[in-house]
Number of protein chains: 2
Amino acid sequence: MASIKDVAAEAGVSAATVSRVLNDHPSVSADARARVLAAVETLGYRPNAVARSLRTDQTHTLGLVISDVLNPYFTELARSVEEEARALGYSVIIGNADERPDLQDHHVRNLLDRRIDGLLVSPTDGGSPLMLDAVRAGTPMVFVDRWIPGVDVPVVRADGRAAVRDLVAHLRGLGHRRLAIIAGPAATTTGRERVDAFRAALGAHGLELPDAYVGQGDFQAESGRRVTEGLLDLPEPPEVVFAADNLMALGALDAVRARGLRVPEDIALAAFDDIRWFVHTDPPITAIAQPTGELGRAAVRALVARIEGRPGESVTLSARLVVRRSCGEPPSALPPLSPVPRSKP
Amino acid sequence: MASIKDVAAEAGVSAATVSRVLNDHPSVSADARARVLAAVETLGYRPNAVARSLRTDQTHTLGLVISDVLNPYFTELARSVEEEARALGYSVIIGNADERPDLQDHHVRNLLDRRIDGLLVSPTDGGSPLMLDAVRAGTPMVFVDRWIPGVDVPVVRADGRAAVRDLVAHLRGLGHRRLAIIAGPAATTTGRERVDAFRAALGAHGLELPDAYVGQGDFQAESGRRVTEGLLDLPEPPEVVFAADNLMALGALDAVRARGLRVPEDIALAAFDDIRWFVHTDPPITAIAQPTGELGRAAVRALVARIEGRPGESVTLSARLVVRRSCGEPPSALPPLSPVPRSKP
DNA sequence: CTGAAAGCGCTTACAG
DNA sequence: CTGAAAGCGCTTACAG
């Protein structure tokens, strides 16, 4: 590939002048500028970003470590992150941790070695020494969705407590009493919070959340299937299963279907995180929707602010309940006469 | 951050020796090695990959430009690509083109500027000058899923012709005669091939594919909705809609549902690309499944071979039909007595 | 086995 | 406005 020297030679100027033209430095004569631009054109020259980064100590790159690319929630998050970053002049390199702390560490290390300008993380665990060291060393960082308590890093997330309360109220209105949850890993904030929120909401209705009704999942589909089987095997199975993310809801659906059971007649199902397919599942699934795109954008803005030396604050948005049919028909609703009844607001 | 000089000073050796230790060069005394390793440890030193890349002219990085991250097919592809690349000692940087040629070009340019060692592309169009130039300039490249005819680059993809023939035979067996397709962009190979395969398979059954039954989509959900509405508005609507990818099938489902129609009673639906949710949609959707993970791995192997100076050949795997209920019940099947009939092989 | 030196492709104070 | 020079953090032939 042509280097800056080739361009300089072709244009009859020094490399310094070429560099100035390329970086829009004001003090370059119109003539020199024109000759450089022409040389760039004829040689098809493109500056070497590696060399530029080494020299300037900036990569204009953000690292994003997500918990699981196969989870549509994180895919959507990644997309909005890339979009906002691009708008602000940054590229993003995505690392997929697959819910595995060791893989997460692999990616954090890789990203740090590449000297990314800042790191966006949705931690799969309580924080490895590596990540904690990076924070201490002053790497600009922002947590998104999940975070690590006690670490001084801005957090951009959605608070689902109100939505979980709405969900429990909905469930109680439908007459359900035995409510179970498929939890995410206790090492994650979202894994803990969703259980806590659920338990608190049940408490407000005078209901308990027995240990047997808290299944331990890992946010991936297979665990949802396994936990649901255990729940169905209980002497007194729950009437409702609330999956703490969409993939575990998928697994739950697999388990229910494998037994020849029906939702919601035999068991009701709800999920945290809404995805487009939930409208078309059998039955459509009641879910808690996060403002995913806005979370991604806010996280990027906070991180870029930190990188550029501005404050960069935490942001908490709220999630909302989307009622569909997987928990049962509202008692007031008569059997629909037309195939698609419209619910009036 | 500590640099190689700091380590050298701490260990009482030269930077050259530190470098040799870090790169497992044989000619280093055990004593020097131990001192260097100790210094690396105490300083928490990590080599600067940017500097290393500049010097060695290798980034150990692969670029992957996919058409749409929100499409589960590409997400799965990206995951397998990263996995295989990691196993071979490479990282991957993903660029999401969102089915837009301009965005695709943006990412190709960005990746090239970063001097990635090789490029994996699933082109959204017939190839921009930029991409063609890159090939001409000798950038190691491999096309995956979609490709650009006439360009000398290995192609790793699945051939869906046989599966499409199986689909048409299945449809004919169910008695359907008026079959329509929601096509992908004509600028993509998969956009064209799936229509061609469908038309050829219909021809083998003495059926035509009228222009009115070929809806022009762009592989994204919204286009599937729009095209399906047009199809339903026809004086003689089709009995079956075959969506050329899973997102357009989602859009088709939206359109059908919005009219209060049912699948397969009012209109049958099938899709290219199988995803896990298709088992749980209402009804479960008949789809053509690609060996996605294997495609990703084979593509990486071919690309790395090219990078390392070995041949690196094209690979064509085959797709297969997965029959579910969205095209109607097979005439032989009586209404199931138990909720989940098991089909015996 | 080891170090001094050159150089990868840039950018940027410095001097003119 | 312009260029020579230094230097970012590495690696690697070369000489010893």
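Sorted pairs that involve residues 13-29 of chain A and meet salt bridge (Lys or Arg N to Asp or Glu O under 4.0 Å), not counting sequence neighbours, are lacking altogether. Sorted by first and then second residue, the pairs that involve residues 50-103 of chain A and meet ring-ring contact (aromatic ring centres under 6.0 Å, His included), not counting sequence neighbours, are A:H60-A:Y90.
Every residue was checked against the salt bridge (Lys or Arg N to Asp or Glu O under 4.0 Å) condition with A:R55, not counting sequence neighbours, and none meets it. Residues passing the salt bridge (Lys or Arg N to Asp or Glu O under 4.0 Å) test with A:R79, sequence neighbours excluded: A:E83, B:D98. Under the rule for a salt bridge (Lys or Arg N to Asp or Glu O under 4.0 Å), the partners of B:D31 that lie at least two apart in sequence or sit in another chain are B:R35. Listed by chain and number, the residues in a salt bridge (Lys or Arg N to Asp or Glu O under 4.0 Å) with B:R109 amount to none (sequence neighbours excluded). Scanning for side chain to side chain donor-acceptor pair (under 3.5 Å) contacts around A:N48 gives an empty result, with sequence neighbours left out. Listed by chain and residue number, nothing satisfies the side chain to side chain donor-acceptor pair (under 3.5 Å) test with A:R192 (two or more places apart in sequence, or in another chain).
For C:dC1 and C:dA5, the P atoms lie 23 Å apart once the distance is rounded to whole Å. Separating the P atom of C:dA15 from that of C:dT11 is a span of 22 Å, rounded to the nearest Å.
Counting only Watson-Crick or G-U wobble pairs whose defining distances are both under 3.5 Å, the stems of 3 or more consecutive pairs in DNA chain D are C:1-3 with D:14-16, C:5-12 with D:5-12, C:14-16 with D:1-3.
Of the residues in residues 27-37 of chain A, those lying under 4.0 Å from DNA chain D by heavy-atom distance are A:S27, A:V28, A:S29, A:A32.
Between B:R114 and B:I93, the shortest heavy-atom contact is CD-CD1, 4.2 Å.
The distance from atom NE2 of B:H25 to atom P of C:dT2 is 11 Å, rounded to the nearest whole Å.
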Could you go through residues 131-142 of chain A and list every donor-acceptor pair under 3.5 Å that involves a side-chain atom there, pairing it with any protein atom two or more places apart or in another chain?
from: A:D133; atom 1: OD1; to: A:R136; atom 2: NH1; distance (Å): 3.0
from: A:T139; atom 1: OG1; to: A:A134; atom 2: O; distance (Å): 3.0

Contact pattern, 5' to 3', of nucleotides 9-16 of chain C - B, S or - by protein heavy atom under 4.0 Å: BBBBB---
